[in-house]
Amino acid sequence: MKQLLALFLVACPLLAAAQPEIKPHGALPSPAQVKWQQLEYYMFIHFGPNTFTDKEWGHGDEDPKVFNPTDLDARQWAKTAKLAGMKGIIITAKHHDGFCLWPSEYSKHTVRESAWKNGKGDVLAELSAACKEYGLLFGVYLSPWDRNHPAYGTPEYNQVFANQLREVHTKYGDVFEQWFDGANGEGPNGKKQVYDWDLFHNTVRKYHPNVIFFSDAGPGCRWIGNERGYAGETNWSTLNAKDFAPGMSGIQETLNRGQEGGTDWVPGEADVSIRPGWFYSPKTDDKVKTLPQLLNIYYASVGRNANLLLNVPVDRRGRIHANDSTRLMELRRALDADFANNLVRSARISATNTRPNSPMTSAVYLGDNSYNTYWAAAAGTKSASITLSWSKPVTFNQIELQEFIPLGQRVKAFSVSILKGKVYVPLNGAEATTIGYKRILKFADATAKSIRIDIKDAVAEPVLSEVRVYHTPARLSDLVIKRDANGLLDISCETPGPDIRYTLDGSEPTLSSPKYAGPAPFTVGTVKARAFINGGKQAGSVVTARFGYPPALFSTTPAMSKAVDGNPATAATADTYPAELVVDLRGRVQAELNGFIYTPKSSGGIIAKYAVYVSNDGRSWGQPVAEGSFANILNSPVAQYVNFSKPVKCGFVKFVALAPADAKETKAAIAEFGLF
């Protein structure tokens, strides 16, 4: 047997040389991009003055001494990432406020001016060392928008920023990814900057030629078009990069799907935060995404040909909060369980239209667990079928396919069928378009002795590296907490028959908490609920919902009534700015009000700048009790909770929309307006 194996290994190079060459198709990834795609999952860390001021976008006028973590431990971050199965960490070395997490020579708004370690600290030095210790890759986010630097908005600033890039890329070892977003607002002098992207890219490449650049246009990888972590169900890794630039508006859908036949290889990276915001806030300690939410994100990113960049914000101690790390470990255990047993290991594999006279592209390589071997269809063939067969029926609910992307992305459509009797029957939920580096389909349990994967269409002959089949464990679905316009509370779960326990005082629900028995009146506050099964042996994630006063307590004009109908799927819309919503509370809300809730539409008419006034008679309004901007709301259109400058009692509240989040937008939309 050893002699046969030796002869085969000797023959392999000769066979490879003799077989017809597979021509690459279209734009191709660089070797660095292939390695990047194989990372799949890594950590984002947002950290800076915003951590201590409870802001998403700082204004750059913060006293740098506010940055003062009491127990910063970058090794804890790296250890957490490693245990979570992540392959690297990207940190916000400089966000829009201009604060540098290293003592930059080109800014006076840095850790050197902070209270932390009496100005002697360097976050990047500590994190790069921790990443090296734990075998993680180190990446950096530097925002070119700087709301603090006096040179911002002048030609000199571009060189200032290039100098900061040079510092970061020469002092802290290898950098695998340089993250740029497209934010470009006003600086302290009221001017915007014209960014010199060629200068920025060339500066970085001088020191790290294989770095992956992230931005709306790449060139290394692209934004996936949303901050929910969801890639398109069709997702090409190719893009006409010359048609895009960082900060462009109206390109989200294209970035989400990529472009078939694009001139450049610019794969997608899905960024999302484990909390509602990007920076740590104590108000979100109970709003860490649930395990089902994170699993859905994983399968909608890594499972749709994108890498997942999951943000885990560091808290005010300088540590990853226990709620976040606990959820990361739950996710790691769940993914380990999902991918524990590849059923293809015991399957017989065959394929139609296999490339002739090419033993090195046999269907057998689809199950060898090696990305660098592959099956290929015959030249000119754009369809084929792959069959997996077992001696006994197997039960499965997940299938994973991988194309060999060094030769290009090719598959346009495929489906999965199972053998019933003597015919193959399409499997519900197992039909899709693109594959790319990795595509994972999930569906209801199915049992069969044979599975057929039909590649229906492709831009060139298909070349697949791996096929994997799994049976993933059943899990508790998340609870859904709703309340209607009249204040009737409802808690439901897709998993049949769970024991639902809930609290109304902010405490964590346990088996001894009140049992949910059906819809009940609820006025205002926070509801927490948890599902239990098997007598409490299994528990789902705690789900939290914060409610303002029931909309039925408000009255407004008919034109704006959809803003207070209790249904976020509808919206009140005004055609121009400024736009006003006035709600009458007289005789219905007697308590003090602490703030308001603005829920935007998912797209279109999203409001950025606002002012809120109160009145007792609906005529005299005085000064605003709240005014400002919803930071990053265009990319993250979620409910915004804003406190008033002080608690108030009033008969009327007026919400004024002053400016849109998208400068091209003319309409103002309010999906829901609430008061708490």
Are D286 and V542 close enough that some pair of their side-chain heavy atoms sits under 4.5 Å apart? no
Within the side chain of R112, is there an N or O that forms a donor-acceptor pair under 3.5 Å with the backbone of S107? yes
Take T526 and T544, measure what side chain to side chain contact (heavy atoms under 4.5 Å, CB included) needs, and give me the verdict at the end. CA-CA 7 Å; T526 299; T544 302; 3.6 Å; yes
S128 side-chain N/O to G173 backbone N/O, donor-acceptor pair under 3.5 Å: no
Would you indicate whether R257, at its atom CZ, is surrounded by more than 12 heavy atoms from other residues, nucleotides or ligands within a distance under 6.0 Å? no
Please list all pairs meeting ring-ring contact (aromatic ring centres under 6.0 Å, His included) that have one or both residues in residues 211-241, counting only residues at least two apart or in different chains. W179-F214, H201-F213
Using a distance-only test with no angle check, is there a side-chain donor-acceptor pair under 3.5 angstrom linking Q33 and W265? no
Would you check if there is a donor-acceptor pair between the side chains of D122 and Y172 at a distance under 3.5 Å? yes
Exam field: side chain R205 to backbone N210, donor-acceptor pair closer than 3.5 Å: no
Would you sort out whether F630 and W57 count as a ring pair (Phe, Tyr, Trp, His ring centres under 6.0 Å), showing the intermediate values? CA-CA 9 Å; F630 302 118; W57 284 3; over 10 Å; no
Looking at D315 and G318, would you say the former's side chain and the latter's main chain have a donor-acceptor pair under 3.5 Å? yes
Residues M86 and Y42: closest non-hydrogen pair is CB-CA, 3.9 Å
Ignoring hydrogens and geometry beyond distance, is a side-chain donor-acceptor pair present between H169 and Q178 at under 3.5 Å? yes
What's the verdict on side chain to side chain contact (heavy atoms under 4.5 Å, CB included) for V175 and F138, showing C-alpha distance, side-chain angles and the deciding distance? CA-CA 5 Å; V175 175; F138 174 66; 4.2 Å; yes
Would you say that more than 12 heavy atoms from the other residues, nucleotides or ligands in this model lie under 6.0 Å from the NZ of K132, or not? no
Residue pairs meeting salt bridge (charged side-chain N to carboxylate O under 4.0 Å, His left out), one or both in residues 61-83, sequence neighbours left out, come to D71-R319, D73-R319, R75-E133
To the nearest 0.5 Å, tell me how far Y437 OH sits from I405 CD1. 7.5 Å
Contacts of D264 meeting side-chain contact (heavy atoms from CB on, under 4.5 Å) (sequence neighbours excluded), chain-then-number -> A241, V266
One should read off an interatomic distance between E56 CD and H96 NE2, to the nearest 0.5 angstrom, of 10.0 Å
Minimum heavy-atom separation for P276 and K287, please, with both atom names. CD-O, 3.5 Å
H46 and side chain to side chain donor-acceptor pair (under 3.5 Å): which partner among N311, T92, T51? N311
Verdict with supporting geometry, D216 and R222, salt bridge (charged side-chain N to carboxylate O under 4.0 Å, His left out): CA-CA 5 Å; D216 294 343; R222 73 178 194 270; over 6 Å; no
Would you indicate whether the side-chain heavy atoms of P69 and F47 approach each other to under 4.5 Å? yes
Residues N372 and S465: closest non-hydrogen pair is N-OG, 4.4 Å
If you take all heavy atoms of P406 and L28, which pair is closest and at what distance? O-CD2, 3.6 Å
Which residues satisfy the side chain to side chain donor-acceptor pair (under 3.5 Å) test with E400, sequence neighbours excluded? R468
Salt bridge flag under 4.0 Å for residues E403 and K438: no
Can you find a pair of side-chain heavy atoms, one from L366 and one from Y374, that are under 4.5 Å apart? no
Within this structure, what is the CD1-NE2 distance for the pair I91 and H95, rounded to the nearest 0.5 Å? 12.0 Å
First locate atom CG of L308, then atom OH of Y298, and finally report the distance between them rounded to the nearest 0.5 Å. 8.0 Å
Side-chain (S143) to main-chain (W145) donor-acceptor, under 3.5 angstrom: yes
May I ask you to decide if the ring planes of F99 and F67 are parallel, tilted or perpendicular, using 30° and 60° as cut-offs? tilted
Donor-acceptor under 3.5 Å (E167 side chain, E105 main chain): yes
With no hydrogens and no angle check, is any side-chain donor or acceptor of H321 less than 3.5 Å from a backbone partner on Y280? no
More than 12 heavy atoms from other groups under 6.0 Å of CD on Q159: yes
Between A84 and R332, which heavy-atom pair has the shortest distance, and what is it? O-CD, 3.5 Å
Backbone N/O of K120 and side chain of N118: donor-acceptor pair under 3.5 Å: no
Check: V543 and T290 side chains under 4.5 Å, non-hydrogen atoms: yes
Will you find, in the side chains of Q259 and T238, an N or O donor that is under 3.5 Å from an N or O acceptor? no
Is any side-chain N of the basic residue among K528 and E508 closer than 4.0 Å to the acidic one's carboxylate O? yes
What's the verdict on side chain to side chain contact (heavy atoms under 4.5 Å, CB included) for N256 and N226, showing C-alpha distance, side-chain angles and the deciding distance? CA-CA 8 Å; N256 191 241; N226 62 67; 3.4 Å; yes
Just to verify, what does D338 make a side chain to side chain donor-acceptor pair (under 3.5 Å) with, not counting sequence neighbours? Y299, R475
Less than 4.5 Å apart, side chain to side chain, heavy atoms only: is that true for I45 and Y141? no
Of I212, N305, V302, which is the lone residue that meets side chain to side chain contact (heavy atoms under 4.5 Å, CB included) with Q37? N305
So F176 and I90, do their side chains get closer than 4.5 Å, heavy atoms only? yes
Just by distance, no angles: are the side chains of T434 and N235 close enough, under 3.5 Å, to form a donor-acceptor pair? no
Point-to-point distance, once rounded to the nearest 0.5 Å, from CG of L101 to CD of E126: 11.0 Å
Let me confirm one number: the CG-OG distance from D478 to S541, rounded to the nearest 0.5 Å. 5.5 Å
One pair to check against ring pair (Phe, Tyr, Trp, His ring centres under 6.0 Å): Y152 and Y157. What are the steps and the verdict? CA-CA 5 Å; Y152 185 85; Y157 173 76; 5.1 Å; yes
Name all pairs fulfilling the salt bridge (charged side-chain N to carboxylate O under 4.0 Å, His left out) condition that reach into residues 138-148, sequence neighbours left out, sorted by first residue then second. K94-D146
Any I274 side-chain heavy atom under 4.5 Å of L328 side chain: yes
Heavy atoms from other residues, nucleotides or ligands near NZ of K171 exceed 12 (cutoff 6.0 Å): yes
T154 versus Q193, closest heavy-atom pair with distance: O-NE2, 2.9 Å
Check: R304 and E233 side chains under 4.5 Å, non-hydrogen atoms: yes
